[in-house]
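Every chain is numbered from 1 and lettered A, B, ... according to where its sequence line falls, protein lines coming before strand lines. Note that the structure is predicted; figures quoted are calculated from it, not measured.
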Protein chains: 2
Amino acid sequence: MARVRATDRRLFLLIEVAARRLNREADMRLKAEARVTAAQAAVLFLLKRRGERRMGAIGEVLALNPPAVTGLISRMEAANLVTRHSDPDDKRSSVVALTEAGRQAGEIAEIILRDFNQEIAERIGPDSADEVYDALTRLVRDDEL
Amino acid sequence: MARVRATDRRLFLLIEVAARRLNREADMRLKAEARVTAAQAAVLFLLKRRGERRMGAIGEVLALNPPAVTGLISRMEAANLVTRHSDPDDKRSSVVALTEAGRQAGEIAEIILRDFNQEIAERIGPDSADEVYDALTRLVRDDEL
DNA sequence: TCGCAAAACTTCGCATGCGATCTATTTAAG
DNA sequence: CTTAAATAGATCGCATGCGAAGTTTTGCGA
């Protein structure tokens, strides 16, 4: 059958390129309609779905280290999308919660990204989309790497 | 069969997270052994495979816009990995070529990333790796998006 | 209880990438 | 041939992410 060996296929660079293109497109749409960046939208979704969360939890879900979370949340706080208050049970940690403006922006962003994900799925084919989703989920699972 | 609809699966955010994790890991390895970042390694591969290239061609292959290419190449020039000279046939454009140090760094980086890609493929399963590769290639093709 | 390691963030300096805008050159109209 | 439009990069200001190092708070072992 002469299948090309996966090793010859530069998955890493391909994923980088794909992520870059998608991020550029998503960012453009999100900024235009929801006044929010893609990175910020990810935080909005997380807080909308699971309620207020500590910085560390946000970083864990989004695969960001502490400095990245600090910066992202600071900018979102300045934009009045979230608030930050320290946990009375553990004064080291600060808890991030949605503002009303953040909730509203999240609603709009959700619609935009639902459409975008739909387009992506159509573009690569629905069956492939499921396969890619599962494969990347396996790849991203926490063990090792 | 009750397949989960692809729309419910946030492919965009998943690809972002995957790209982030992979980039972090690849960057760490590349810096340690080849003294080069992942973004720089991509340029080294391109020049090594296809010879000297203009800024625009680099941006096209790597899906980077002009400012990103300018910055990346400037840093690589400062690190003595590439040289930049203007094309005599078109003085607007500048042509980027590998230095000997760049060629050597590229050799090492190639080995590191070959191993890394192998690990990725093993992690998601060889068949899935091929499927993901094809799917992302379809996704990244230039038409529209 | 005291003291010290671990945990949770923050700060700093840097690389990366983007859109908007500018400059220099080339190309196309007229 | 002259000028307007297009093209190739560069510059600027910004958001995003990272590793290294610092700060405050917890928690735990002696």
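Near-neighbour residues of DNA chain C inside residues 96-104 of chain A, defined by a heavy atom below 4.0 Å, are absent.
Taking every heavy atom of both residues into account, B:N80 and B:A101 meet most closely at O-CB, 3.7 Å.
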Distances under 3.5 Å between nitrogen or oxygen atoms of protein and nucleotides 21-27 of chain D:
residue: D:dT26; atom: OP1; partner: A:K91; partner atom: N; Å: 2.9

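Map A:M28 and A:S74 each onto its nearest nucleotide of DNA chain C; the residue landing nearer the 5' end is A:S74. Across the interface with DNA chain D, nearest-nucleotide mapping of A:A39 and B:P66 shows B:P66 to be the residue nearer the 5′ end. Both A:R24 and A:T70 lie close to DNA chain C; mapped to their nearest nucleotides by heavy-atom distance, the more 5′-ward contact belongs to A:T70. Take the nearest nucleotide of DNA chain D for B:S94 and for A:Q40: the residue whose nucleotide is more 5' is B:S94.
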Next item on the list: Using the side-chain contact (heavy atoms from CB on, under 4.5 Å) rule, take B:N65 and B:V69 through it: C-alpha gap first, then chi angles, then the decisive distance, then the call.
Entry: CA-CA 6 Å; B:N65 21 10; B:V69 178; over 6 Å; no
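Between the side chain of A:D87 and the backbone N or O of A:V95 there is no donor-acceptor pair closer than 3.5 Å. No donor-acceptor distance shorter than 3.5 angstrom exists from the side chain of B:E33 to the backbone of B:L30, with no hydrogens or angles considered. Within the 3.5 Å criterion, the main-chain N or O of A:F12 finds a donor-acceptor partner in the side chain of B:N117.
Residues B:S74 and B:R84 bring a donor and an acceptor atom of their side chains to less than 3.5 Å of each other. Counted by atom type alone, B:R75 and B:T37 present zero donor-acceptor pairs between their side chains at under 3.5 Å. B:E77 and B:T83 form no side-chain donor-acceptor contact under 3.5 Å, judged by distance and modelled atom types alone.
Rounded to an integer number of Å, the gap from CG of B:N65 to P of D:dT7 is 17 Å. Between the CD1 atom of B:I73 and the P atom of D:dA10 there is a distance of 9 Å, given to the nearest Å. For the pair B:R53 CZ and D:dA8 P, the computed distance is 15 Å after rounding to whole Å. Between B:H85 atom NE2 and D:dG9 atom P the separation is 12 Å, expressed in whole Å.
Rounding to the nearest 0.5 angstrom, the gap separating the CG atom in A:L47 from the CD1 atom in A:I73 is 6.5 Å.
Within the nucleic acid shown, A:G56 comes within 4.0 Å of sugar-phosphate atoms alone, with no base atom in reach, counting heavy atoms only.
In this structure, B:R10 is positioned above the aromatic face of A:F45, its NZ or CZ under 6.0 Å from the six-membered ring centre and within 45° of the axis.
Contact annotation: the side chain of B:E110 approaches that of B:R49 to within less than 4.5 Å [non-hydrogen atoms, C-beta and beyond].
For DNA chain C, the span of nucleotides reached by chain B at under 4.0 Å from its heavy atoms goes, 5' to 3', from C:dA15 to C:dT26.
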